[in-house]
Amino acid sequence: MARFYLTANKHRQDKLNWFGKQEGTFKVAIGGDGAPFGKDDQVLAWLVSFLNCEKRVCRSEENFLQIGANCSEDCEPVRRYVTMLKEQMSEIEGKTYNVEGKEITLSLKFELLPNDMKYLAFLGGELSISASYFSPFADVKKADIDNPQGTFGLEHQHKWHPWKYCERIKVAAAVEKKKAELSKTTLKLATKRESHFFHFTAKIQAGVPSTCCCFGKYYHTIKFIVKATRLAKKVRKWFTDGISKSLLFCHNFMTIFLSLKTDEDRQYHTFQLHVFAYTGINLRDSVSLFSRVTISGEQVQNLQQVCSNFFRATALFLSSTPTSWTIGHVVPFHAKQLFNSLGMGLGINTMEGREAKHIALAQFTRNTQFSNRWAQVFRHEYVSLIWLRENGCDEIVNKNTSGVYIPKRCYTPQFCHCGQPKNGDDGKCSFCLEQSRVILLDCVARGKITNEAKALIQ
């Protein structure tokens with residue numbers, strides 16, 4: 001693969017980035033996940049990519065299939081494969097290689113493991129992310145995530161710190177000990193799991209609305225009380241289909257909030273609208289920054305601020321979730337780490353190209369036999385992604401996407417940063433200049449609900 005990239009690099013305008021090292025120093029990302037091959041078809045695919053490609057790593061064509069198997073992503077054969085892979089990665093990193101016909105010494109270093117949080121916990125031999133300590137990145141409990149003044153970092157003054165792996169192993173060992181004790185009892189398996197491990201496994205269903213909101217209560221009633229499971233599936237599908245319109249929503253969400261505002265609104269309702277608008281603006285800005293492959297030091301500092309604003313407003317006036325806590329603390333921390341080590345943004349560790357690759361693999365297998373489909377998939381991979389590109393059928397420059405999270409009008413003098421038009425020479429739109437927004441900003445800056453805010457929300 002390294003030899004292929006050296007050959008293809010000669011004909012491209014967007015050259016490989018050697019990250020300040022000598023030519024031939026490759027930074028590698030490797031990871032696996034279940035692929036969506038069908039309702040009853042369990043498939044595992046491990047992919048490898050080279051970070052030297054920079055933005056191209058977000059494309060399906062730059063993620064190469066390493067192993068494909070007809071099994072679940074966390075079965076016993078996969079555990080054995082991961083153990084073997086760890087040894088092979090250590091051996092590869094400890095060697096240098098000479099390319100035939102080239103005066104270049106190759107070296108490879110495995111920098112990133114782009115996986116979802118659940119699979120990271122599996123690879124580390126840790127508890128699932130649905131446990132009380134939900135994050136594989138920090139020693140934070142669900143009971144503590146509403147603390148708006150807590151911080152995350154390596155130093156002792158921070159409330160939360162990155163996990164020490166030895167501590168995670170101790171917790172996992174305690175769970176295994178408890179399981180061994182329960183195995184000697186006569187209780188049913190479901191009773192053992194629910195009665196003794198409920199505090200570890202508060203189940204989280206991705207894509208299902210929270211029961212804290214009215215819509216979530218409606219969905220929960222349909223599925224679990226009325227038992228109308230087919231209707232519940234349709235409701236859930238309708239709810240999750242809106243996620244694909246995220247860019248359009250980011251551009252115009254303020255219009256939706258303002259359409260809910262009336263002259264008869266009480267102070268509490270107006271203040272809640274400002275909370276939703278403020279969290280939406282900071283979430284939009286944070287997504288725009290942490291999804292970038294190339295980023296500046298100033299933007300990294302800005303990411304820290306908008307993520308903190310988003311989390312504090314959520315913790316003070318809404319309800320914190322593991323996702324909002326991770327965005328508020330872990331995302332800017334990891335973005336800074338990656339910028340200091342590689343000079344790149346957190347977007348280079350994206351799962352976007354890998355998810356697109358999984359969809360492409362599913363298309364490859366449509367006309368294959370189950371017994372030998374992976375042999376045909378690997379053949380298709382080699383021909384389309386390596387052989388054709390080595391023989392001149394390759395692009396010379398990457399095509400950048402035109403989609404942006406922050407609309408261009410937000411950077412013009414006529415519009416406020418929220419996306420709404422300004423009034424004359426005002427620095428912001430009329431909605432952002434309201435007294436409720438001033439009070440909200442003061443609460444976020446202090447990390448607590450002020451007396452003025454309490455008067456509004458009572």
Side-chain angles (χ1 to χ4, degrees), residues 1-2 4-5 16-17 26-38 41-75 78 81-82 85-86 89 108-124 129 136-137 206-207 240 243-244 246 287 290-294 323 326 330-331 334-335 338 342 344-366 373-374 377-378 380-382 384-386 389 395 398-401 403:
M1 289 301 304
F4 157 72
Y5 270 113
L16 297 176
N17 182 359
F26 285 93
K27 307 286 187 180
V28 185
I30 185 172
D33 198 5
F37 273 35
D41 195 357
Q42 286 189 323
V43 171
L44 168 74
W46 274 70
L47 305 174
V48 61
S49 56
F50 290 81
L51 304 180
N52 307 75
C53 298
E54 293 188 323
K55 292 183 179 180
R56 282 187 283 153
V57 79
C58 301
R59 300 180 56 185
S60 168
E61 295 81 359
E62 301 298 340
N63 290 270
F64 297 88
L65 183 63
Q66 181 188 4
I67 180 176
N70 302 321
C71 62
S72 64
E73 59 189 30
D74 56 355
C75 62
V78 176
Y81 173 75
V82 171
L85 184 63
K86 174 179 174 294
M89 290 166 60
L108 297 98
K109 184 177 181 180
F110 294 90
E111 288 281 351
L112 300 175
L113 288 170
N115 296 279
D116 56 33
M117 292 175 66
K118 177 183 176 182
Y119 209 59
L120 284 176
F122 162 72
L123 294 176
I129 62 168
F137 305 119
T240 55
I243 297 175
S244 62
S246 58
V287 171
F290 71 64
S291 61
R292 299 185 184 190
V293 176
T294 56
T323 300
T326 302
V330 177
V331 165
H334 285 178
L338 200 54
L342 297 178
M344 307 295 291
L346 195 59
I348 202 169
N349 196 33
T350 180
M351 291 287 291
E352 180 181 347
R354 293 170 177 266
E355 296 294 344
K357 184 68 173 191
H358 290 162
I359 296 175
L361 292 177
Q363 297 292 330
F364 292 166
T365 59
R366 280 191 171 184
R373 63 179 176 184
W374 287 112
V377 168
F378 273 104
H380 192 289
E381 279 269 298
Y382 173 75
S384 61
L385 301 185
I386 298 179
R389 293 169 67 178
E395 297 176 345
N398 184 52
K399 296 179 180 178
N400 293 326
T401 178

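Values below: every heavy atom of this structure, side chains too, minus hydrogens, waters and symmetry copies.
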Distance from R292 atom CZ to M344 atom CE, nearest 0.5 Å?
-> 13.0 Å
Do W374 and N70 have side-chain heavy atoms sitting under 4.5 Å apart?
-> yes
With a 4.5 Å limit on heavy-atom distance, are the side chains of F50 and V28 in contact?
-> yes
In short, L338 meets G345 closest at the heavy-atom pair CD2-O, 3.4 Å
If you round to the nearest 0.5 Å, how far is CG of L346 from NE2 of H334?
-> 8.5 Å
Sorted by chain and number, sequence neighbours left out, salt bridge (Lys or Arg N to Asp or Glu O under 4.0 Å) with R389 holds for E62, D394
State whether the side chain of E381 and the backbone N or O of L65 hold a donor-acceptor pair below 3.5 Å, judged by distance alone.
-> yes
Give me the ring orientation class for F26 and Y5: parallel if the planes are under 30° apart, tilted from 30 to 60°, perpendicular past 60°.
-> tilted
Under 3.5 Å donor-acceptor, N17 side chain and N52 backbone | no
Identify the heavy atoms of C71 and V78 that sit nearest to each other, and give their distance.
-> SG-CG2, 3.8 Å
Indicate the atoms forming the closest heavy-atom contact of S72 with L44, along with that distance.
-> O-CB, 4.4 Å
Looking at side-chain heavy atoms only, is the closest gap between V82 and W46 below 4.5 Å?
-> yes
Look only at the side chain of R354 and the backbone of D33, and say whether a donor-acceptor pair between them is shorter than 3.5 Å.
-> no
Can you find a pair of side-chain heavy atoms, one from V43 and one from R373, that are under 4.5 Å apart?
-> yes
Which atom of N115 lies closest to which atom of G32, heavy atoms considered = OD1-O, 2.7 Å
How far does OG of S291 sit from CG of N349, to the nearest 0.5 angstrom?
-> 13.0 Å
So, do M89 and L108 sit near enough that their side-chain heavy atoms are less than 4.5 Å apart?
-> no
All heavy atoms of L342 vs all of K27, minimum pair found to be CD2-CE, 4.2 Å
Between T294 and K55, is any pair of side-chain heavy atoms under 4.5 Å apart?
-> yes
Taken to the nearest 0.5 Å, the spacing of L113 CG from I30 CD1 works out to 7.5 Å
Test C53 against L16 for side chain to side chain contact (heavy atoms under 4.5 Å, CB included), laying out the working first.
-> CA-CA 5 Å; C53 298; L16 297 176; 4.1 Å; yes
Do you know the tightest heavy-atom contact between P114 and A29?
-> CD-CB, 3.9 Å
Looking at side-chain heavy atoms only, is the closest gap between L112 and I348 below 4.5 Å?
-> yes
Quick one: CG on L51 to CD on E111, what's the gap to the nearest 0.5 Å?
-> 7.0 Å
Quick one: ring pair (Phe, Tyr, Trp, His ring centres under 6.0 Å) pairs with a partner in residues 344-365, sequence neighbours left out?
-> F364-H380
Under 3.5 Å donor-acceptor, Q66 side chain and V48 backbone | no
